[in-house]
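In what follows, chains carry the letters A, B, and so on, assigned in the order in which the sequence lines appear, proteins first and then strands, with residues in each chain numbered from 1. Predicted, not measured: the structure shown is a model, and the values here were computed from it.
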Amino acid sequence: MIDIKFLRENPELMRVSQTGRGEDPGLVDLVINADEVRREAIVKFEALRAEQNVFSKSVGSAKGDEKTALLEEGKKLSLIVKQAEQLKTQAENSANELLLQLSNILDPSAPIGGEADFKVIENVGTPRDFSKDSFAPKDHVELGKLLGAIDTERGAKVSGARFYYLTGVGALLEFALVNYAISSAMKSGFIPVIPPVLVKPPAMEGTGFLGQAAENVFHLEEDDFYLVGTSEVPLAAFHMDEILNSEKLPLRYAGYSTCFRREAGSYGKDTRGIIRVHQFDKVEMFTFCKPEDAEAEHQRLLQWEKDFLNAMEIPFRVIDVASGDLGSSATRKFDCEAWIPTQNAYREVTSTSNCLEFQARRLNIRMKDGQNTKPVATLNGTLVAIPRMIVAILENHQNSDGTVNVPMALQPFLGMKRFELV
RNA sequence: GGUGGCGUGUCCGAGCGGCCGAAGGAGCGCGCCUCGAAAGCGCGUGUUGGGGAAACUCAACCGUGGGUUCAAAUCCCACCGCCACCGCCA
């Protein structure tokens with residue numbers, strides 16, 4: 001949520017930001033109008049209410065005929081106050097509804113444009129040249145079968161398209177990735193968390209996933225629960241309605257959870273394999289910090305993501321995501337894209353967003369900073385999203401016979417140096 | 001799922017329908033005392049919104065939402081959460 005006071009004073013900045021995202025700049029003026037209506041309604045109601053408060057007190061001490069007369073008048077006043085209160089509530093609700101529709105203000109350094117207008121920040125490592133090894137790389141589906149690691153056919157049989165089983169070394173690889181991720185996160189001061197994956201509407205709304213992202217969220221109609229698409233949701237909502245001690249910041253949490261995504265509108269995209277699935281596990285980093293520290297923290301999160309990919313010995317690049325492709329909560333976002341040999345392309349494997357105070361305002365998470373209470377900043381970043389990391393590892397570290405070398409960093413967690421054929 | 005109890009400020013814990021934003025205590029902050037500390041004493045200590053340059057002032061908030069009333073923390077209803085016991089189950 002945007003700070004209404006900031007918006008009142010900087011409407012032009014907000015219009016520019018909305019335009020940059022490809023969203024409606026006219027919304028800004030609707031919000032400003034609604035805010036004026038809201039404040040007028042408040043003034044009217046409060047004046048009447050104050051009058052009623054004074055009046056009510058005089059009733060108590062009166063008696064006899066005088067009291068009967070006062071009671072009559074009180075009834076009339078009561079009606080008027082009630083009407084004014086209703087108008088006030090309506091005005092507040094509609095102002096709030098509009099305000100919630102506004103996306104976060106863009107970071108001025110974020111590249112403007114659509115999905116394709118990202119800026120490459122750096123390339124790390126060099127894609128392996130398979131012609132030098134004189135064999136054509138197999139894709140992860142084929143490797144997964146040869147190793148007994150991934151079973152997409154049975155996944156489809158049991159749950160439908162975009163489901164899979166991780167079996168044998170596939171399952172072990174997930175455990176190793178998670179253990180490696182959590183143990184390195186703890187070294188950086190993260191608190192490990194296993195959060196709930198079913199959440200109630202306020203958590204989902206607060207994190208900003210019920211706007212344009214709503215179509216990708218699973219909803220349990222009967223119980224009004226949402227299945228989270230990322231543990232960002234329960235981690236952000238962890239401190240909902242709380243006031244944090246600013247001296248304890250930054251607070252860093254590493255959440256391990258299953259993630260559920262409907263993948264609506266991606267029919268025909270990545271239908272093969274486990275690049276795009278309805279359910280997967282992920283270790284997510286989440287930070288609560290002072291707004292003035294957010295930008296530096298964003299760089300730190302990015303660095304931890306890079307460290308992870310380097311430890312997996314995978315070539316990748318970092319992109320600065322363009323304005324039109326940011327989530328509504330993010331002011332800026334960096335993606336790490338791993339090299340996928342059989343696609344001859346870089347594909348997103350991790351992503352980190354700076355939401356500044358946007359989510360915190362919606363979730364009512366504040367900090368006590370000296371005399372003042374003000375919203376904190378929140379940031380999130382993927383440490384490892386299991387299926388995509390498995391794809392990257394299998395495809396990049398395969399040998400001509402279909403066996404796969406285990407990256408050094410994972411060997412202690414797996415107890416093996418190579419995945420063998422089954 | 002059934003029955004009973006409870007939900008008040010950072011925490012504990014009072015609260016005849018008006019004088020209750022709310023006693024008392026703990027904690028915290030400042031000061032006194034002390035060589036220093038503890039104890040003791042004194043003072044202070046919520047959030048949100050509106051108006052105001054500010055001092056300040058007004059309004060709202062006692063789980064949430066409705067209702068009754070001139071007036072609700074206090075009465076009524078619904079919902080949510082917590083605790084206890086019973087039933088069922090991992």
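- Taking 4.0 angstrom as the limit, R38(A) places none of its side-chain polar atoms (N or O) nearer than this to OP1 or OP2 of rG49(B).
- Pairing of rA54(B), defined by two Watson-Crick or G-U wobble distances under 3.5 Å, is not identified with any nucleotide.
- Taking the ring centroids of H219(A) and F225(A), they lie at or beyond the 6.0 Å cut-off.
- Side-chain N/O atoms of Q52(A) include none lying less than 4.0 angstrom from OP1 or OP2 on rC70(B).
- The nearest whole Å value for the distance from the CD atom in E46(A) to the P atom in rA59(B) is 8 Å.
- Here N53(A) does not reach the OP1 or OP2 of rA71(B): none of its side-chain N or O atoms lies under 4.0 Å away.
- Taking only side-chain nitrogens and oxygens, R49(A) never comes nearer than 4.0 Å to OP1 or OP2 of rC58(B).
- Distances shorter than 4.0 Å separate none of the side-chain N or O atoms of K374(A) from OP1 or OP2 on rU47(B).
- When the nearest nucleotides of RNA chain B are assigned to E92(A) and L77(A) by heavy-atom distance, the more 5′-ward of the two goes with E92(A).
- Going from atom CZ of F55(A) over to atom C1' of rA59(B) covers 19 Å, rounded to whole Å.
- Looking at R252(A) and F286(A), their side chains never come closer than 4.5 Å, going by heavy atoms from C-beta outward.
- Within the 4.5 Å cutoff, side-chain heavy atoms of M285(A) are placed close to those of E305(A).
- For the pair T19(A) (side chain) and R15(A) (backbone), a donor-acceptor distance under 3.5 Å is present.
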